[in-house]
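Just so we're on the same page: letters track the sequence lines, and every chain starts at 1.
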Amino acid sequence: MILPVDFYRRPTLDVARDLIGKVLVHKTAHGVTAGAIVECEAYIGEDDPACHAAPGPTARNAPLYGPPARAYVYLNYGLHDMMNAVTEDEGRPAAVLIRALEPLDGLPLMQQRRARAPWRRGKPPVPEHELCRGPGNLCRAMGITLSDNTRLLTRGPLTIHDRGISFDDIVWDGRIGIRVAADRPWRASVAGHRSVSGRRSG
DNA sequence: CGTTCGATGCACT
DNA sequence: GTGCATCGAACGT
């Protein structure tokens, strides 16, 4: 079942929690890839210094101000595409950053896309649980790029589904990789899952 | 085990 | 010109 628009039109922390275990699906000419979300982060409003809406409306962050259930994709560090799901009502800029997936479908295609990265040339294949570990890596493995920005997530090539997967032990931590407001516990992840980014404990 | 640092493109000031 | 919601290699314990 594809998640309806009303799934996203809710408080962003609720959406982030409920996105854990949901399945991101991308269909392209090369084939279908899919993975279960095991890590994501909430970015909520102009009062959140780490949210792209903090400076107020700009050309880049316009999708955050738009209606929910759309993708907000942007380029970071000149190298990595980042994919968010826009949440809450139009005019309330907020989104959930998808940070890691457990690969489910199209693993060979994921492998192929990861191997095509310039810095991976001539390197051994990526282990399965690392294919979609980290926001930049998952976009590369899934073939998600800037051209998917503003796309509706309720139909078309890029969708998020409920396949009845659920994880126990969902934990909240501070968001990763930001230099401001890193103390807000707005990062949801599956405890101990091998595809979750950041420090591994064993 | 840990920390540092370069690659790389574009939005924003 | 500056600074990223990163990745992974290189180096120091």
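At a cut-off of 3.5 angstrom, the base of C/dA5 holds no donor-acceptor pair with the side chain of A/H80. No donor-acceptor contact under 3.5 Å links the side chain of A/Y77 to the base of B/dA7.
In this structure, CD1 of A/I144 is placed 16 Å from C1' of C/dT6, rounded to the nearest angstrom. Atom CG in A/D81 sits roughly 15 Å away from atom P in C/dA5 (whole-Å rounding). To the nearest angstrom, P of C/dG8 lies 11 Å from CG of A/L79. Here B/dA7 presents its C1' atom at 13 Å from CZ of A/R140, a figure rounded to the nearest Å. The CD-C1' distance, from A/E130 to C/dA9, rounds to 14 Å in whole Å. Note: CD1 (A/I176) to C1' (C/dT6) measures 11 Å, nearest angstrom. Here the P atom of nucleotide B/dC12 and the OH atom of A/Y74 are 13 Å apart, to the nearest Å. The CG atom of A/N61 sits 12 Å away from the P atom of C/dA5 (whole-angstrom rounding).
Relative to the six-membered ring of A/Y8, A/R10 misses at least one condition, a distance below 6.0 Å or an angle of at most 45° to the axis. Judged by the 6.0 Å and 45° rule, A/R92 forms no cation-pi pair with A/Y65.
By the criterion of a centre-to-centre distance under 5.5 Å and near-parallel planes under 30°, the ring of A/W119 forms no stack with the base of B/dA7.
Of the two residues contacting DNA chain C, namely A/N137 and A/R179, the nearest-nucleotide position lying further toward the 5' end is that of A/R179.
Between B/dT13, C/dG8, C/dT6, one nucleotide has an atom nearer to the side chain of A/R120 than all others, and that is C/dG8. With B/dT13, C/dA9, B/dT8 as the choices, the nucleotide that has an atom nearest any side-chain atom of A/K123 turns out to be C/dA9. Considering only the side chain of A/L75, B/dG9 comes nearest among C/dC7, C/dA5, B/dG9.
Taking atom C1' in both C/dG8 and B/dC10, one finds a spacing of 22 Å when rounded to whole Å.
Backbone-only contact: A/A59 has heavy atoms under 4.0 Å from sugar-phosphate atoms and none from a base. Among the heavy atoms of the strands lying under 4.0 Å from A/R60 are primed sugar atoms or P, OP1, OP2 only; no base atom is included. If you check every strand for non-hydrogen atoms under 4.0 Å, A/R114 touches sugar and phosphate atoms only. Looking at heavy-atom distances under 4.0 Å, A/N84 makes contact with a base.
Distance CG/A/N137 to CG/A/L131: 9.0 Å, rounded to 0.5 Å. The OG1 atom of A/T87 sits 14.5 Å away from the CZ atom of A/R70 when rounded to the nearest 0.5 Å.
Between A/K27 and A/D105 there is no salt bridge, since no side-chain N of the basic residue sits under 4.0 Å from a carboxylate O of the acidic one.
C/dA9 and B/dT4 make up a base pair, with Watson-Crick or G-U wobble contacts both under 3.5 Å.
Ring centroids of A/H52 and A/Y43 are separated by 6.0 Å or more, keeping the two rings apart.
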